[in-house]
Amino acid sequence: MKERDEDYLRANIKIVEDQFKKGKINNVTAYLLKAFQDDYSIQETEMSKLEKEKEELKKIEIESKEKEESLREEKRQAFEQWKNEQIEIRLGKLDRGVHDQLKEEFVLGVKENDLF
């Protein structure tokens, strides 16, 4: 321990504390001595890097899914708008008598349907 600086000791003590709080160790003294010998702070740093990379990948995946869903919704809305425009165009071309007859048949069909 005389060969190590304060940052080294604090880093390893912190790792041991965290592991103890998580319930992963029982013998704190033995684990702490091993941490000082093997320098767990280096291992923790590598693990932290991997965890950060994993979190970043997850974040990118979520953003990608959100972007995909947003694009899908935009396409759905564009289709609905196009469909409504096409209906209006077709209805506008119908003779008024045919239009009224179709409307009457539709309303009658709705009234006779138990679901409506």
**Q** Return the CZ to CD distance between Phe79 and Gln86, rounded to the nearest 0.5 Å.
**A**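 So the CZ of Phe79 and the CD of Gln86 are separated by 10.0 Å.
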**Q** Give me the atom names and distance for the closest heavy-atom approach of Phe36 to Ile13.
**A**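 Of all heavy-atom pairs spanning Phe36 and Ile13, the closest is CZ-CG1, 3.8 Å.
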**Q** Compare every heavy atom of Leu115 with every heavy atom of Asn113, then report the nearest pair and how far apart it is.
**A**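 Heavy-atom minimum between the residues: OD1-N, 2.8 Å.
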**Q** Answer yes or no: is there a side-chain heavy-atom contact under 4.5 Å between Glu104 and Asp100?
**A**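 Side-chain contact under 4.5 Å: no.
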**Q** Closer than 4.0 angstrom, basic N to acidic O: yes or no for Glu6 and Arg10?
**A**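 Counted as a salt bridge, because a side-chain N and a carboxylate O are separated by less than 4.0 Å.
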**Q** Let's go through Lys14 and Asp18 carefully: what are the C-alpha distance in whole Å and the side-chain angles of both, what is the deciding distance for salt bridge (Lys or Arg N to Asp or Glu O under 4.0 Å) to 0.1 Å, and is it a yes or a no?
**A** CA-CA 6 Å; Lys14 171 114 176 69; Asp18 291 344; 3.2 Å; yes
**Q** Can you measure from CD1 (Ile25) to CD1 (Ile15) and round to the nearest 0.5 angstrom?
**A**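 With rounding to 0.5 Å, CD1 (Ile25) is 11.0 Å from CD1 (Ile15).
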**Q** Compare all side-chain heavy atoms of Glu105 with those of Leu102 and state whether any distance is below 4.5 angstrom.
**A**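 With C-beta onward as the side chain, the pair touches.
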**Q** Look at Glu61 together with Lys65 and state whether they make a salt bridge at an N to O cut-off of under 4.0 Å.
**A**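 Yes, Glu61 and Lys65 are salt-bridged.
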**Q** Would you say CZ of Phe20 has more than 12 non-hydrogen atoms from neighbouring residues, nucleotides or ligands within 6.0 angstrom?
**A**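 Count not over threshold, so no.
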**Q** Could you tell me whether the side chain of Tyr40 reaches within less than 4.5 Å of the side chain of Gln19, counting heavy atoms only?
**A**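 Heavy-atom side-chain distance check fails, nothing below 4.5 Å.
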**Q** Hey, could you give me the NZ/CD1 distance between Lys67 and Ile62, rounded to the nearest 0.5 Å?
**A**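 Separation between the atoms: 15.5 Å.
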**Q** Where do Ala35 and Val16 come nearest, in terms of heavy atoms and distance?
**A**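 For Ala35 and Val16, the tightest heavy-atom pair comes out as CB-CG2, 3.9 Å.
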**Q** Side chains of Glu56 and Ile60: does their closest heavy-atom pair fall under 4.5 Å?
**A**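 With C-beta onward as the side chain, the pair touches.
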**Q** Glu68 vs Arg72, test: salt bridge (Lys or Arg N to Asp or Glu O under 4.0 Å). Steps then yes/no.
**A** CA-CA 6 Å; Glu68 185 178 309; Arg72 188 177 298 129; 2.9 Å; yes
**Q** Please report the closest heavy-atom contact between His99 and Leu91, naming both atoms and the distance.
**A**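 Closest pair (atom of His99, atom of Leu91, distance): CD2-CD2, 3.8 Å.
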**Q** Answer yes or no: is there an ion pair linking Glu17 with Lys21, defined by an N-O contact shorter than 4.0 Å?
**A**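 Looking at Lys21 together with Glu17, the answer is no, because their closest N to O distance does not fall below 4.0 Å.
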**Q** Is there a donor-acceptor pair under 3.5 Å between the side chain of Asn12 and the backbone N or O of Asp39?
**A**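 Answer holds: no.
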**Q** Roughly how far, to the nearest 0.5 Å, is the CG atom of Leu94 from the CD atom of Gln101?
**A**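 The CG atom of Leu94 is 10.5 Å from CD of Gln101, to the nearest 0.5 Å.
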**Q** What's the spacing between Glu73 CD and Glu69 CD if we round to 0.5 Å?
**A**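 The distance works out to 7.0 Å.
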**Q** Would you kindly say whether Gln77 and Gln81 are connected by a side-chain donor-acceptor distance under 3.5 Å?
**A**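 Side-chain D/A pair, Gln77 to Gln81: absent.
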**Q** Please examine the side chains of Asp5 and Leu9, heavy atoms only from C-beta on, and report whether any two atoms are closer than 4.5 Å.
**A**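 No - every pair of side-chain heavy atoms lies 4.5 Å or more apart.
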**Q** Going from CG on Asn27 to CG on Leu33, what distance comes out if it is rounded to the nearest 0.5 angstrom?
**A**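 If I round to the nearest 0.5 Å, the distance is 9.0 Å.
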**Q** Does Glu80 pair with Lys83 as a salt bridge, N-O distance under 4.0 Å?
**A**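 A salt bridge is present here (some side-chain N lies under 4.0 Å from a carboxylate O).
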